[in-house]
Amino acid sequence: MQFLSRLLRRLMIFRAGAIGIGSRRTATAHHPFVLKNPVIGFLNLLGERGAGLAESDSRALADLFVDCRSSASEVPRCAVLLIYCQVDASGRIEGVSESLRGLIKRAGAHVAILASENEPQACINALKARNDWTANVVFVLNRKGPIFAEFFRRLFEMMG
């Protein structure tokens, strides 16, 4: 529970009120982002390998958000983006020419979760290409089965 509290202070708070998709400003623990009517997006770039994960995560999380958008090709506009992809050793996302940060920026997401398991160094390398978009990025090294969706559901419930 203490871990969740620390994470909440670092992430944004979802409530009616402040900014929309694509807005930018500096956030701090004392001055967090507040997202009005947040939208969640699921981008499956793994094909069949990621379809089941994306569908089960969507079932577990979608009702916490005002809208849920899913795609296997086009980046959905959303405040929270879950990406199912394979990151190679250099940090490049397999099957797309755009960087991880580029996908996040195109979504307008302030929270991005790399929801498929990848190697730690590949994830670190994926963040090296900087752009002008800031977001909280979560890398998943081990989904631990249904615990992944349960964890994020509890986290987002606490943020609401």
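Keep in mind it's a predicted model, so treat the numbers as computed, not measured.
Nearest heavy atom pair, residue Ala54 against residue Asn44, reads CB-CB, 4.5 Å. Of all the heavy atoms in His110 and Thr134, the pair that sits closest is ND1-O, 4.4 Å. Contact between Asn125 and Ala89 at its shortest, heavy atoms only, is ND2-O, 2.7 Å. Closest non-hydrogen pair, Cys78 versus Val39, comes out as CB-O, 3.4 Å. Arg49 and Leu46 get closest at one heavy-atom pair: NH2-CD2, 3.0 Å. In terms of heavy-atom proximity, Arg92 sits nearest to Gly95 at NH2-N, 4.3 Å.
No donor-acceptor pair closer than 3.5 Å links the side chain of Asn37 to the backbone N or O of Val66. Asn118 places a side-chain N or O within 3.5 Å of a backbone atom of Cys85 that can act as its donor or acceptor partner. Looking only at distances, no side-chain donor or acceptor of Trp133 sits under 3.5 Å from a matching main-chain atom of Arg106. Between the side chain of Ser56 and the backbone N or O of Gly52 there is at least one donor-acceptor pair closer than 3.5 Å. Between the Arg69 side chain and the Ile40 main chain, no donor and acceptor come within less than 3.5 Å of each other.
The aromatic rings of Phe156 and Phe65 sit perpendicular to each other, their planes meeting at more than 60°, with 30° as the lower class boundary.
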Before you tell me yes or no, could you show the steps for Leu100 and Phe139 under side chain to side chain contact (heavy atoms under 4.5 Å, CB included), namely the whole-Å CA-CA distance, both residues' side-chain angles and the distance that decides it to 0.1 Å? CA-CA 11 Å; Leu100 176 61; Phe139 290 108; 3.8 Å; yes
Val80/Leu61 under side chain to side chain contact (heavy atoms under 4.5 Å, CB included): CA gap, chis, key distance, verdict: CA-CA 11 Å; Val80 176; Leu61 301 172; over 6 Å; no
Derivation of the side chain to side chain contact (heavy atoms under 4.5 Å, CB included) call for Leu81 and Ile113: CA-CA 6 Å; Leu81 177 64; Ile113 302 165; over 6 Å; no
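To the nearest 0.5 angstrom, Lys105 atom NZ is 9.5 Å from Glu98 atom CD. Summarising the geometry, atom CD belonging to Glu117 is positioned 8.5 Å from atom CG belonging to Leu53; distances are rounded to the nearest 0.5 Å. For the atom pair Arg101 CZ and Asn131 CG, the distance stands at 6.5 Å (nearest 0.5 Å). Taking CD of Glu157 as the reference point, atom CZ of Phe152 lies at 13.5 Å (rounded to 0.5 Å). The SG atom of Cys123 lies 6.0 Å from the CG atom of Leu141; values are rounded to the nearest 0.5 Å.
When side chains are defined from C-beta on, Ser70 does not count as touching Pro76, because their heavy atoms never get closer than 4.5 Å. Annotation: side chain of Gln86 is not in contact with side chain of Ile93 (no heavy-atom distance under 4.5 Å). Side chains of Val140 and Leu114 form no contact here, defined as non-hydrogen atoms less than 4.5 Å apart. Using a 4.5 Å cut-off on side-chain heavy atoms (C-beta onward), Phe42 and Cys68 make contact.
The existence of a salt bridge linking Asp57 and Arg153 is excluded, since no basic side-chain nitrogen approaches an acidic carboxylate oxygen closer than 4.0 Å.
In this structure, Glu94 places its CD atom where more than 12 heavy-atom neighbours from other residues, nucleotides or ligands lie under 6.0 Å away.
In the hydrophobic clustering of ILVMFWY residues, with side-chain heavy atoms under 4.5 Å counting as a link, Val87 and Leu127 come out together.
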